[in-house]
2 protein chains.
Amino acid sequence: MVLAAEQEYLSLIAPELPEILVRRYRLLRKIYYSAPIGRRSLASYFKMGESVLRKETDLLREQGLIAVETRGICLTSSGESLVTAITPYIKSFLGLTVLEEKLSGLLKVKRVIVVTGDLENDEVVLLEMGRAAAKILRKCLKPHMVLAVSGGTSCAAVSHMLSESGGPSGITVVPARGGLGEDVDYQANTIAARVAQKLKANYRLLHLPDSLSQDALDMLLREKKIKEILDLINTARILVHGIGTAEEMARRRGAGTEEMKRMNEEGAVGEVFGFFFNTRGEIVDSIPSLGLYLEDLGNRVDNVIVVAGGRKKAEAIIAVVGNHPRDLLVTDEAAAKRILELYGHKEGETIYPNSNGIKI
Amino acid sequence: MVLAAEQEYLSLIAPELPEILVRRYRLLRKIYYSAPIGRRSLASYFKMGESVLRKETDLLREQGLIAVETRGICLTSSGESLVTAITPYIKSFLGLTVLEEKLSGLLKVKRVIVVTGDLENDEVVLLEMGRAAAKILRKCLKPHMVLAVSGGTSCAAVSHMLSESGGPSGITVVPARGGLGEDVDYQANTIAARVAQKLKANYRLLHLPDSLSQDALDMLLREKKIKEILDLINTARILVHGIGTAEEMARRRGAGTEEMKRMNEEGAVGEVFGFFFNTRGEIVDSIPSLGLYLEDLGNRVDNVIVVAGGRKKAEAIIAVVGNHPRDLLVTDEAAAKRILELYGHKEGETIYPNSNGIKI
DNA sequence: ATCATGCGGGTCTTTTTTTATCCCATTTTT
DNA sequence: AAAAATGGGATAAAAAAAGACCCGCATGAT
């Protein structure tokens, strides 16, 4: 890792460096995840002119980092090793390493991983977060553990980025919540199944709809199958979950004005598998179906891995993570900086000023 | 110090970085030595357009590294600390650190210091070499030592860059050669006196002309004063000397065709206080005057510090340094690379390819 | 004290580079 | 076989850079 002093020297004498570095890094990272990809797609992805991008790709090709073929642009082997090798350096250069430490202290999370970029304008950031979380998740796994995974795009990213190399024996993957009326790709069940497949593990599914009347719920809970899986979920030792924002929640529960109003009154800003948190981290509401069973799931398990990024999620992250013992938070640069901002910190000496708002 | 791997990564992903870095560094260094200096002077010094330079200075001013005032451009305090702090980093970045080690092995010198740049197109390099040598020289000094210094621009630079902070007590500075028909600033006597002044030490001068008939010499040697100082020179424990090239020698001794021819036949390529060396390091000729007295001076003293730079001097350096035990060689990038070339080495992985031939 | 020199900084014109589109032949994918 | 997407190339418009000025002012020599 480079010393902090040297970064400052470099940025002083070559202030254009951070921008160049971030631009090229994002480009390589996108190619890494989307290869083979054409110049036009890249240009529109990064919202930059075709010729500007072409100049970049020409340069990277001359450097032997990418290969442009008729099917599209791919990383060469040296480009691939560069992009992985340079990641920690870029993080350190952008001050993300110190940012991680700061957040770890502020949020009282054992470890924070901050990924370069902004999830909201670079989809690849989500995958990168997923990869980071997947890497840590693998380390936490021990034989015969039960692993609970939540729904949402973040957890889906984790499942996608898990390598298909199997895992310890006897692992069982369960969803940490029932089905919501969403895209099947982001449902907890689907994600649990995919994680299990990647880990070559067993899995059980929870076939419960989102909104359910109390009567119907009571009836379903008498079903042995359902009871069984709920009990299994409660024995989970590892929990991976994303975080929903107030905005999402409102949209999902049907944008009923009444509902919105209640939400506002309650001060709910974040949601985790059916529980709604206010900024102080208190549960102010819940989807009734599973409340009884899963309420303190987050407190019972050994390892809680939280994956959430994007500036909008900063408040929700503080609400959920900042007030409960969590082991790992994987987030992105945009959310991390916003969280720091919300905690009233100014972006100071150690955080590189230019790294914010750089456009590729 | 930055790791070699990181330099390679940076150069791969941002190949324009080395050029920027070197350009700005040279600019700052020049200002450091020549402040206050105007834009026009700087532009003509670096042989670049005025507007190009203006953009650079504008940038450096925005970075707070320089202050442009009506009397000229100066370094700010942060610019000053940057330029000293960044020097080892630049060296490492340009591969000069590994170059030093290579040369140390090849030339069998205990330590080699390679200064960024080319003495032949950047006068500041000479000063920088002088500063490096002066720094080491100070460390070598112990009380009551005799220090012998040679003539030439390089030794003059050392004398100028010595700080005026005094030195150990009882030091005596003597010239390692007589007067040559040169500019007084570069004569050994002048330099010895200046070094003594900086060190607040004593000094003795040797008033012997360059070319002297044997008879005249014999007579002078009978002079007690002369004998005394020659004996003193022979008790020197530290020797600082530059190196003359074949070209210089010929010019100085009068470009007589006969002389030139003899030189060529002898294969003399380097000269040190009156002794001429061929590429194998053998003495092939000498200025008669002092031959008897000083022949093996270089072998008798404790520390020999050699200061010589510029591509043209590479051969002479190899001749003089490569075949005799020396403690320290201070040279520049151009000479160092040329020496490596002459030794038949290709510029390989570790030496940064672009660092050669960069123009500011 | 006065003068001449050289400074920074601004301005203007010319030249070069960059940018933004478009088109085409080819390959890949559907 | 058809459709979509690819890299490469060409061209015109736009922007930026470069170069060559001039001006008021401070400094240092006279």
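Every heavy atom of this structure was used, including side-chain atoms; hydrogens, water molecules and symmetry mates were not. Please read these numbers as outputs of a predicted model, since none were measured by experiment.
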Taking only nitrogen or oxygen atoms into account, show me every contact under 3.5 Å that the protein makes with nucleotides 26-30 of chain D, one pair per line with its distance.
none

- Item | Check: A:Arg138/A:Ser163 side-chain N/O donor and acceptor closer than 3.5 Å | yes

All N/O pairs under 3.5 Å across the protein-nucleotides 15-17 of chain D interface:
unit_1: D:dA17; atom_1: O5'; unit_2: B:Lys55; atom_2: NZ; d: 3.3

- Query: Under 3.5 Å, is there a donor-acceptor pair between the side chain of A:Glu164 and the main chain of A:Lys198?
  - Reply: no

- Message: Using a 4.0 Å heavy-atom cut-off, does A:Leu53 contact any base of the nucleic acid, only the sugar-phosphate backbone, or nothing at all?
- Response: nothing

- Task: Determine yes or no for a side-chain-to-main-chain donor-acceptor pair under 3.5 angstrom, with B:Thr331 supplying the side chain and B:Ala308 the backbone.
- Result: yes

- On DNA chain C, reading 5' to 3', which nucleotide is the first and which the last to sit with an atom under 4.0 Å from a heavy atom of chain B, could you check? C:dC7 to C:dG10

- Rounding to the nearest 10°, end axes of the helix from C:dA1-D:dT30 to C:dT30-D:dA1 built from five pairs each make an angle of 40°

- Taking NZ, NE, NH1 and NH2 as the nitrogens, is one of them in A:Asp122 or A:Arg26 under 4.0 Å from a carboxylate oxygen of the other? yes

- Under the side-chain hydrogen bond (donor to acceptor under 3.5 Å, both in side chains) test, which residues partner A:Thr84, sequence neighbours left out? none

- Is a salt bridge present between B:Arg24 and B:Glu19, judged by a nitrogen-to-oxygen distance below 4.0 Å? no

Can you tabulate the close N/O pairs, meaning under 3.5 Å, that link protein atoms to atoms of nucleotides 9-13 of chain D?
unit_1: D:dG9; atom_1: N7; unit_2: A:Arg54; atom_2: NH1; d: 2.7
unit_1: D:dG9; atom_1: O6; unit_2: A:Arg54; atom_2: NH2; d: 2.8

- When you measure from every atom of DNA chain C, which of residues 60-69 of chain B have a heavy atom less than 4.0 Å away? B:Val68, B:Glu69

- Without swapping roles, check the side chain of B:Ser41 against the backbone of B:Ile37 for a donor-acceptor pair under 3.5 Å. no

- Message: Looking at A:Ala43, is its backbone amide N or carbonyl O close enough to the side chain of A:Arg54 to form a donor-acceptor pair, meaning the two atoms are under 3.5 Å apart?
- Response: no

- Query: side-chain hydrogen bond (donor to acceptor under 3.5 Å, both in side chains) with A:Glu120: which residues, sequence neighbours excluded?
  - Reply: none

- Query: Has A:Lys30 got its NZ or CZ under 6.0 Å from the middle of the six-membered ring of A:Tyr45, at an angle within 45 degrees of the ring axis?
  - Reply: yes

- Message: Using a 3.5 Å distance criterion without hydrogens, assess whether the side chain of A:Ser92 forms a donor-acceptor pair with backbone atoms of A:Pro88.
- Response: no

- Message: Testing the 3.5 Å rule here: is there a donor-acceptor pair between the side chains of B:Tyr33 and B:Glu128?
- Response: yes

- Task: Taking side-chain hydrogen bond (donor to acceptor under 3.5 Å, both in side chains) as the test, write out the residues that go with B:Glu123, two or more places apart.
- Result: none

- Query: With sequence neighbours excluded, what pairs up with B:Thr76 under the side chain to side chain contact (heavy atoms under 4.5 Å, CB included) test?
  - Reply: B:Ala67, B:Ser78

- Checking B:Glu333 side chain against B:Gly117 main chain: does a donor-acceptor pair fall under 3.5 Å? yes

- Task: Please list, chain by chain and in numerical order, all residues satisfying side-chain hydrogen bond (donor to acceptor under 3.5 Å, both in side chains) with A:Asp58, sequence neighbours excluded.
- Result: A:Arg61

- Kindly state each residue pair satisfying salt bridge (charged side-chain N to carboxylate O under 4.0 Å, His left out) with at least one member in residues 76-94 of chain B, sequence neighbours excluded. B:Lys91-B:Glu100

